[in-house]
Asks: 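My questions will all concern the structure given below.
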Amino acid sequence: MTAYLITGARIVGGDQADLLIDNGEIVAIGSGLDAPADAQTIDAHGLVALPGLVDLHTHLREPGREDAETVFTGTRAAAKGGFTAVFAMANTDPVADTAGVVEQVWRLGRDAGYADVYPIGAVTVGRKGTQLAELGAMADSAARVRVFSDDGDCVWDAALMRRALEYVKAFNGVIAQHAQEPRLTQGAQMNEGALSGVLGLTGWPSVAEEAIIARDILLNAHVGSKLHVCHLSTKGSVEIVRAAKRRGLEVTAEVTPHHLLLTEELAASYNPVYKVNPPLRTKEDVEAVREGLADGTIDIVATDHAPHPVEDKDCEWSAAAFGMTGLETALSVVQQAMIDTKLLTWADVADRMSYRPAAIGQAAEHGRPLEAGAPANVVLYDPRVERTVVPDESVSLSRNTPFDGMTLPGKVVATFLRGTPTVLDGELTR
Amino acid sequence: MKHLLSAADLSRDEAQLILDTAEEMRSLADRPIKKLPALRGRTVVNLFFEDSTRTRISFEAAAKRLSADVINFSAKGSSLSKGESLKDTALTLQAMGADGVVCRHGSSGAPHLLAKSGWMTGSVVNAGDGTHEHPTQALLDAFTMRRHLGSLEGRRITIVGDVLHSRVARSNVLLLSTLGAEVTVVAPPTLVPVDMSRWPCATSYDFDAVLPKSDAVMMLRVQRERMNDAFFPSAREYTRRYGLDKNRMAQLPDEAIVLHPGPMNRGMEISAEVADSTRSVIVEQVTNGVAIRMAVLYLLLSGSNETEEQTA
Amino acid sequence: MSPAQRAEHPEISQPPKRSSREVLDASDISRALTRIAHEILERNRGADPVVLLGIPSRGVPLAQRVSARIQAVEGQSVPTGSLDVTMYRDDIGLKPPRGLEHTDIPADGIDGKVVVLVDDVLFSGRTIRAALDALGDIGRPRAVQLAVLVDRGHRELPIRADYVGKNLPTSLVERVTVHLTEFDGEDAVLIADKAPTGVKA
Ligand SMILES: [Zn+2]
Ligand SMILES: [Zn+2]
């Protein structure tokens, strides 16, 4: 294995230091390090060194929709975005609701080698919301599943949700809820508000998210398990989670990069690239989720990377699929929304995008502080440059980035997975 | 003007120009020879993803009176019903050399996408999209009102019914307010968007209170099936609270007129007596529809965008 | 040009600010129209068969003035209207779309009548060709005659005027402007050196 001497990097945005990586580990951090003679030196002056990012919410689409993304292409996109671990959502075809499917996804990830893939198991059989899937079997499988979610759909039946929360206590699992009251969101196309009324698009009201989050927090308080709220998007949701945490109730929550930056006004273009679930919200909501992420109410940023083939987005709004890609732009968006606005420091970003998601997902190999002896999962990021997002430059199979044409700050220069570079000089190594 | 996608696209001058042009078109259309040469050699495609014989026939008559070549492309029995995408259809229209596309679609924003996607270069006229807009209907409504009421400046116009799902209501509110009218929408609260702050109109839940202050009342079609989604308890209760019958009509000022974009649910939102009364201009709306669509097609398609040069 | 378009393009309705000379003043115009009225009566042996159709915009008040003069002489009113030729122009499709002007055909129609088209300036002849096409869609007159206030030459079609207020030899770069009180607050015919683009002459 090649050793790497990274010189002059700002460790989690702080002081400059050199980093010596060898045998898959961080050997030392400091200055004047004693590198092996054949070590490759990387000049990282001006770059920020962060622990490898962990995405708790990725749609890799395999098995079933290999025309949109595969484990291979999705983890390449992850590496390009600075991620060393991704949690793969269960809404594949077949659904990841058995040990067999989660093990298949886990193996595909291991073979691809760009990022560690942690499969998420479905909560209910076929994600149909009627019968619990074999959660224990998935937990006991080679994939060692700890996060369960019917994402794409809400576990709306309160009794079933209660049972799921209770059941996973046996193996320390967590239920990640896609909070969407289905009756309140029938045919929903965009955020419900003044704009949806003008555009004639069926509204997706905030309350449909908030009602489920409130219910689930109370259910979870009752049974004492682990609840994670996916892609929280409204001001009301932030307030509910903040109040719950203040009361000492157990809950974690995530926000997506797109909900940190974009607003519903984009829907006025009727360009389906801006169609996502939950929908883009108002400026007020964007400010609230930024504040929530800053004060720790929202624990993490997760991409909800949702690739779709061109034909599913190159059509009229109501016929288009929900979702946006996000792995390759996540860190830049977070820089623009949180760092450049002074709401977070780079140390906070390491917390929200590496330590905490790894802790929630129980990925012990990841989310470790940059220190001697830790696995060498490292990302080098240049916050000083700018780039214009060009969908065709994406290494994902899909092109549905809402940041198309936008100029974003920063660029991932290198990503190391257990000491092996997956990205060097801003490009995939293979 | 390249496209007509929303009534909001029209400035007051542009709206007036369309109405004035329609006035001329209407008188020209009364002649024995009804064809005018303005769109000779131009191709207009009626692209109807939704069945609407009335609107399609109106556009077809308008285009033909202006001597355009008309191609009807409707969903039933064509590739559109076999899953051909909007994009492929647009590329086909482009290859056919369509100068204008009149698009009716069940999805809000579909004509907008057609116009802005770069798939085709022709002009797009929105002939009704989802629950969004139907600008030529609003123009013909305004035209009809103007013929009866004169200038719409300061006129009080009341639109009653399923505002939430009505493309006619959206376009009318935008256009009538552009033309200086004071618009009030009346509906049960369930059938009004939850936030009306971006609508240039007032909202009321009390039809009887608004009636005496209305120079024109437009009744919108209300589908009985909305009842099943709990938008109102029963057709009978809807009619009692929001239907226009003889007694309510008597509360209108003397000169006030009654409009309906059709097709009517007689006995639901409008009683037969009202629909057939002398205040009703519903039949005239249909006639005016052709003149308005002639004006729109003429103004969108008759010219190039090069600058004017000297002639005489 | 509709009022709306005029409002959008104030430069069209306002007299351009450049050197121009007056070739006909109000009394010249008045005398020319009186003469035209007499010639029409002479040629057609009275007012009986005559229908006057002005071509918008300035042909319309000119037709009305000729009509008033005929009435004064004959004690009999002549059916007078307007004929918009916008949709019949051969350059439609080459220029931005224009609003329509008002067409007003007198109630008894034009079949069997002598239609006298009235316009302000005769130049290329293309407007008159369009007017002949427009007339063809309305009916079948016994004869069509043409009266113009100014004939400035440079015909591009085999068209000539039957009644001319003033023959005005011009060069192609010159611009002829007719002002009428109904539109411009004064009666005058002006010649200017250079026609700005975007203006109808
Ligand atoms: Zn989701
Ligand atoms: Zn998701």
Side-chain angles (χ1 to χ4, degrees), chain A residues 182-208 210 234-236 263-275 279 281-285 308-322 391 399-400 404-405, chain B residues 5-8 49-50 80 83-91 103 105-119 124 126 128-134 162-171 173-174 185 187 191-201 203 228-230:
Chain A
R183 289 282 292 142
L184 288 174
T185 51
Q186 273 183 344
Q189 299 292 327
M190 69 169 292
N191 181 49
E192 180 167 289
L195 186 60
S196 64
V198 169
L199 296 180
L201 292 171
T202 307
W204 199 128
S206 301
V207 65
E210 293 152 8
T234 77
K235 182 180 179 188
T263 68
E264 61 167 3
E265 298 296 330
L266 292 164
S269 68
Y270 289 107
N271 182 345
V273 79
Y274 303 116
K275 180 174 171 179
R281 304 286 189 184
T282 66
K283 191 164 173 284
E284 223 189 349
D285 292 308
H308 290 289
V310 171
E311 59 271 22
D312 288 355
K313 283 292 192 181
D314 230 1
C315 57
E316 58 273 27
W317 183 281
S318 64
F322 288 101
R399 297 287 172 264
N400 54 305
D404 180 4
Chain B
L5 305 173
S6 159
F49 290 83
E50 254 185 9
L80 301 184
E84 182 174 292
S85 73
L86 184 63
K87 178 178 180 178
D88 291 332
T89 306
L91 296 175
C103 178
H105 202 290
S107 177
S108 299
H112 199 280
L113 193 65
L114 213 49
K116 310 285 163 132
S117 60
W119 298 330
V124 177
N126 181 357
D129 63 329
T131 53
H132 178 223
E133 283 208 45
H134 194 354
D162 186 354
V163 175
L164 180 63
H165 300 97
S166 173
R167 47 196 175 205
V168 176
R170 279 176 182 75
S171 289
V173 166
L174 292 166
V185 298
L191 288 178
V192 177
V194 71
D195 184 341
M196 290 290 282
S197 59
R198 290 203 195 184
W199 291 51
C201 68
T203 307
N228 304 329
D229 292 328

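We name chains A, B, ... by the order of the sequence lines, and we start the count at 1 in each one.
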Asks: Of all heavy-atom pairs between A:Pro272 and B:Leu113, which one has the smallest distance, and what is that distance?
Replies: CD-CD1, 4.3 Å

Asks: Can you name the nearest heavy-atom pair linking B:Thr131 to A:Leu201, along with the distance?
Replies: OG1-N, 4.5 Å

Asks: Output the residues of residues 312-321 of chain A for which the shortest heavy-atom distance to chain B is under 4.5 Å, in residue-number order; output 'none' if no such residue exists.
Replies: A:Asp314, A:Cys315, A:Glu316, A:Trp317, A:Ser318

Asks: Is it the backbone or the side chain of A:Pro205 that comes under 4.5 Å from a heavy atom of chain B, or both, or neither?
Replies: neither

Asks: What's the shortest heavy-atom distance between B:Arg198 and A:Ala194, and which atoms?
Replies: CG-CB, 3.6 Å

Asks: Using heavy-atom distances under 4.5 Å, tell me whether B:Arg170 contacts chain A through its side chain, its backbone, both, or neither.
Replies: side chain

Asks: So how far is it from A:Tyr270 OH to B:Lys116 NZ, rounded to the nearest 0.5 Å?
Replies: 11.5 Å

Asks: Who pairs with A:Thr202 by side-chain hydrogen bond (donor to acceptor under 3.5 Å, both in side chains), at least two apart in sequence or on another chain?
Replies: none

Asks: Please rank B:Leu174, B:Asp229, B:Asp195, B:Leu164 by heavy-atom pairs under 4.5 Å with chain A and give me the top one.
Replies: B:Asp195

Asks: Test of understanding: with side-chain hydrogen bond (donor to acceptor under 3.5 Å, both in side chains), list the residues that count as partners of A:Glu192, not counting sequence neighbours.
Replies: none

Asks: Looking at residues at least two apart in the chain, or sitting in another chain, which of them share a ring-ring contact (aromatic ring centres under 6.0 Å, His included) with B:His105?
Replies: B:Phe49

